[in-house]
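A short worksheet on the structure shown next.
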Amino acid sequence: MTEDNSSKIETDEFTPELSSTDFSGTDLPDKFSSDAADNFSPDAFSPDQIRAEIIDACHNYGGHLASNLGAVELTIALHKIFNIEDSVYKDENIDAKNDLLLFDVGHQVYAHKILTGRPLDSGKGLRQTGGITGYSNRSESGSDIIENSHSSTVFSWADGLISSLMYDNPRNSRRVVAVIGDGGLTGGMAWEGLNQLAEFAVIHPNAPLIIVINDNDYSYSSTVGGLARKMQEMRVSKRYTGLSIVTKNALSKLGKPGIVVNRFLHTSTRYVKNLIRPTSVFSDLNIPYYGPIDGNDLTQLMNAFDHAKNFHGPIIIHTITHKGLGSADAEESPAEYHAVGKQCGDTTLIKMSETECKDIVAKTIVDVASINEKLFVLSAAMPGPLGLTPFADKFPERFKDVGIAEQHLAGKAAGLAYMGNDVICALYSTFAVRGFDQFMFDVGLQAYNDKVGNITLLLDRAGVTGSDGASHNGLWDISLFSKIPGIKIVAPYDQDSLKNAISTATAQQKNGNFTVIRYPKSLPKKLKNSNADSIKDVLIVGFGSFGQLAIDLAKNINQSAIAIDQLYPVSGELIEKIRSSKVSKIVTLEDGIIEGGAGEALKRELEKQEKSNYKIYNFGVENKFYETKSRPEILEENGLTIKKLSEKLCN
């Protein structure tokens, strides 16, 4: 940078007062070195090349499309500026240890994988067994740190990492870069972590911590809530930012007089600025804030990150990206193309396929709500995939998407139920685990003690899901939720039983029932011979989605089978059926872990009976975190196929 008054402006503008209250983007661009942008070579990996690979991989295997397309330039800039292990842009002359790059929500890491030497179509395919996983994965690269693909955890991770680095060396220069986006700021855990980082920044004002907000106005669907409105206002305020930059650049060309005028305008218009544009939502965190900037402009990004890299203290960089950029369909409908299915033939990329369960849920809750005017429906950022859109369209005043905030969802449901309303909470099984505390003590305790409105928890994608990896399998809901006193857990075995379960749970009885209904992506339309006419020596009990497996297995070994949808408490009808028969062996099959599952509950209940001499064999999924594999492969691994079960039972 040449010798002029810009260095003096930098000193003046970075006073403690301005750093904590008005660290706006209008005052920073001219302080950034242009070398970072000038040295970028698009021949290494251009944004167009990376987008083409992402689109091709999603075309061939399915995956998260829109979120990854929007984060391409952002990721390239991070890799170019920071010293990230395995990065194609890594400067081998850097002596410091690698910077730590953290991605919140694993579905925005495809470009990061490419830039760390992991082509998405590596021969075995994206999200395929032995191929590149769809989320961060430590076994693939040392640059992947957060392997959990659930949202809103990055600030807590960053707090732990930077606290350790500063404890080991108060003059630590190893940077922690935390990227959050795609609605992650709607999660309560994000604000818990950010609150702690704000305190950390006061204690360690020189700590090399960079927070990057990838603001694309979306999570799975459009981001909701007061924070979302505030962020939208900040996007609009870019009009003011652009005008200020033009004014500042014009004044700087006038030499010293222009710089003096600009400094005066900067000081005297701070109050006016807050009238024209909203005060930053981060202004009270005591962390310098810069933005918002165009998150799909490499020059702006690299300039901003170059400054943050050399800032010697915590800083927030707010970027605005366009979800789906590079795909006309995904850019026009980012929510619908957040995740896509494998392309068929020569058609354009297709949306994730509709499921029978989703369709049944969509129709049933609308039918029920048409009769029950006190029925409310809540979702946590995924109304479309859960089949809630028809309800939201028809009964908008009784629908609420709370964003990525499962704990809040449970608390809101408890409040609605206390006032006598019936409430449906719809979640993926894996995400419901995040709100277990509140479902236990806010919902469960209230339902146990009071005769209030019914609360029904719909858990989609329950059981083995497969290709999305360890943190997305819905294996633990039975074991966890069965510990809540007074709860009822139902697992429909076909589409008719799913419809009946929802209708029954939401009946206007005002008896305070808390019901969990768990189901996979799809179920058979109707099971045949689900109840055995006469039970033979062996009875095979298929819980929920394994009802069909039980029936097919019984036919294969010439024994009896029954499909059961009530898992907890144990069905009295099932107990009576067993007691009145001559069965000596009972086999249970369930799409979840065995420990604490429905099979063990049945076994305990039978052991309470007098003269209980039954031999009981429980089959389910081993309690572990599974690598990325398909559902059939995981079931095969656990011996949950007709062939393997037949061999075990016959031996």
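Residue indices begin at 1 and follow the sequence shown.
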**Message:** Side chains of Leu427 and Asp460, heavy atoms from C-beta outward: is any pair under 4.5 Å?
**Reply:** no
**Cys357 side, atom SG; Leu386 side, atom CG - distance, nearest 0.5 Å** = 11.5 Å
**Cationic N near anionic O, under 4.0 Å, Lys363 to Asp367** = yes
**Asked** Is atom CD of Glu627 surrounded by more than 12 heavy atoms (other residues, nucleotides or ligands) closer than 6.0 Å?
**Response** no
**Message:** Check this for me: does any side-chain nitrogen of one of Arg631 and Asp591 sit under 4.0 Å from a carboxylate oxygen of the other?
**Reply:** yes
**Fill in**
The reported gap from CG in Leu574 to CD1 in Ile564 (rounded to nearest 0.5 angstrom) is 4.5 Å
**Prompt:** Any donor and acceptor pair, going by atom type alone, linking the side chain of Asp422 with main-chain N or O of Lys374 inside 3.5 Å?
**Reply:** no
**Item:** Pairwise distance CD1(Ile180) to CD(Gln108) - rounded to 0.5 angstrom
**Value:** 9.0 Å
**Message:** With a 3.5 Å distance limit and no angle check, can you tell me whether Thr628 reaches the backbone of Thr133 through a side-chain donor-acceptor pair?
**Reply:** no
**Prompt:** So does Glu636 pair up with Lys644, basic N to acidic O under 4.0 Å?
**Reply:** yes
**Asked** For the atom pair NZ (Lys400) and CG (Leu388), what is the distance rounded to the nearest 0.5 Å?
**Response** 14.0 Å
**Message:** With a 4.0 Å cut-off on N to O distance, would you call Glu356 and Lys525 a salt bridge?
**Reply:** no
**Request:** Spell out, as yes or no, whether a donor-acceptor pair under 3.5 Å connects the side chain of Asp565 to the backbone of Ala491.
**Result:** no
**Asked** Taking the side chain from Thr186 and the backbone from Ile404, do they hold a donor-acceptor pair closer than 3.5 Å?
**Response** yes
**Item:** Nearest atoms (heavy-atom pairs only) where Val402 meets Ala380
**Value:** CG2-CA, 4.1 Å
**Item:** Taking every non-hydrogen atom, the tightest pair across Phe439 and Phe514
**Value:** O-CE2, 3.6 Å
**Message:** A quick test of your reading: do over 12 heavy atoms of other residues, nucleotides or ligands sit less than 6.0 Å from NZ of Lys483?
**Reply:** yes
**Item:** Side-chain heavy atoms of Asn421 within contact of Leu375, under 4.5 Å
**Value:** no
**Prompt:** Is any side-chain heavy atom of Tyr493 less than 4.5 Å from a side-chain heavy atom of Phe546?
**Reply:** no
**Fill in**
Heavy atoms of Leu409 and Leu378 approach each other most closely as O-CD1, 3.6 Å
**Asked** With a 3.5 Å cut-off and no angle check, do the side chains of Gln548 and Asp552 form a donor-acceptor pair?
**Response** yes
**Side chain proximity check, Tyr614 to Lys585, heavy atoms < 4.5 angstrom** = no
**Request:** Begin from the C-alpha positions of Ser136 and Glu147 and carry the test side-chain hydrogen bond (donor to acceptor under 3.5 Å, both in side chains) through to its verdict.
**Result:** CA-CA 5 Å; Ser136 299; Glu147 191 157 332; over 6 Å; no
**Asked** Is the side chain of Gln128 donor-acceptor paired with the backbone N or O of Lys124 at a distance under 3.5 Å, no angle test?
**Response** no
**Item:** Interatomic spacing from OG1 in Thr515 to CD1 in Ile424 - rounded to 0.5 Å
**Value:** 10.5 Å
**Request:** Please examine the side chains of Ser151 and Asp104, heavy atoms only from C-beta on, and report whether any two atoms are closer than 4.5 Å.
**Result:** yes
**Asked** Quick check: does any side chain N or O of Thr364 sit under 3.5 Å from a backbone N or O of Val361, one acting as donor and the other as acceptor?
**Response** no
**Prompt:** side-chain contact (heavy atoms from CB on, under 4.5 Å) between Asn618 and Lys603: does it pass, once the steps are laid out?
**Reply:** CA-CA 9 Å; Asn618 301 133; Lys603 183 177 181 180; 4.0 Å; yes
**Asked** Considering residues, nucleotides and ligands other than Lys624, do more than 12 of their heavy atoms fall under 6.0 Å from its NZ?
**Response** yes
**Request:** Show your reasoning for whether side-chain contact (heavy atoms from CB on, under 4.5 Å) applies to Asp537 and Gln559.
**Result:** CA-CA 7 Å; Asp537 181 55; Gln559 292 294 338; 4.3 Å; yes
**Prompt:** If we only count heavy atoms from C-beta on, is the Gln495 to Lys526 side-chain gap below 4.5 Å?
**Reply:** no
**Complete:** Taken to the nearest 0.5 Å, the spacing of Tyr617 OH from Ile594 CD1 works out to 14.0 Å
**Message:** Go through it in stages, so that I can follow the logic: the residues are Phe441 and Gln446, the test is side-chain contact (heavy atoms from CB on, under 4.5 Å), and I'd like the CA-CA distance, side-chain angles, deciding distance and then a yes or no.
**Reply:** CA-CA 7 Å; Phe441 293 110; Gln446 173 180 254; over 6 Å; no
**Fill in**
For Gly187 and Ser152 the tightest heavy-atom approach is CA-OG, 3.4 Å
**Prompt:** So is Arg434 actually on top of Phe431's ring, under 6.0 Å and inside 45° of the axis?
**Reply:** no
**Message:** Centroid separation under 6.0 Å, is that true for the rings of Phe376 and Phe395?
**Reply:** no
**Item:** Asn558-Lys536 side chain donor-acceptor pair, cut-off 3.5 Å
**Value:** yes
**Prompt:** Any side-chain heavy-atom pair from Phe543 and Thr588 closer than 4.5 angstrom?
**Reply:** yes
**Prompt:** Under 30°, 30 to 60°, or over 60°: which ring-plane class applies to Tyr110 and His64, parallel, tilted or perpendicular?
**Reply:** perpendicular
**Asked** Is the backbone N or O of Ser584 less than 3.5 Å from a side-chain atom of Asn613, with the two atoms forming a donor-acceptor pair by type?
**Response** no
**Item:** Minimum-distance pair of heavy atoms, taken over all atoms of Ile517 and Ala505
**Value:** CD1-CB, 4.2 Å
**Message:** With a 3.5 Å distance limit and no angle check, can you tell me whether Asn137 reaches the backbone of Asp144 through a side-chain donor-acceptor pair?
**Reply:** no
**Message:** Has Gln438 got a side-chain atom pairing as donor or acceptor with Gly411's backbone, closer than 3.5 angstrom?
**Reply:** no
**Request:** State plainly whether the residues Glu605 and Lys608 are in salt-bridge range, i.e. N to O under 4.0 Å.
**Result:** yes
**Message:** Pairing donors with acceptors under 3.5 angstrom, does anything connect the side chains of Tyr61 and Arg127?
**Reply:** no
**Request:** I would like to know whether Thr430 and Arg461 meet side-chain contact (heavy atoms from CB on, under 4.5 Å); could you show each step before the answer?
**Result:** CA-CA 8 Å; Thr430 181; Arg461 307 309 199 267; over 6 Å; no
**Asked** Can you tell me if Ser503 uses its side chain to pair, donor with acceptor, with the backbone of Lys499 under 3.5 Å?
**Response** yes
**Prompt:** Can you find a pair of side-chain heavy atoms, one from Leu602 and one from Ile575, that are under 4.5 Å apart?
**Reply:** yes
**Item:** Test of ring centre spacing under 6.0 Å for His472 and Tyr626
**Value:** no
**Prompt:** Any idea which heavy atoms bring Ser482 and Ile487 closest together, and the distance?
**Reply:** CA-CG2, 4.2 Å
**Prompt:** With distance as the sole criterion, is a donor-acceptor pair present between the side chains of Asp494 and Ser497 under 3.5 Å?
**Reply:** yes
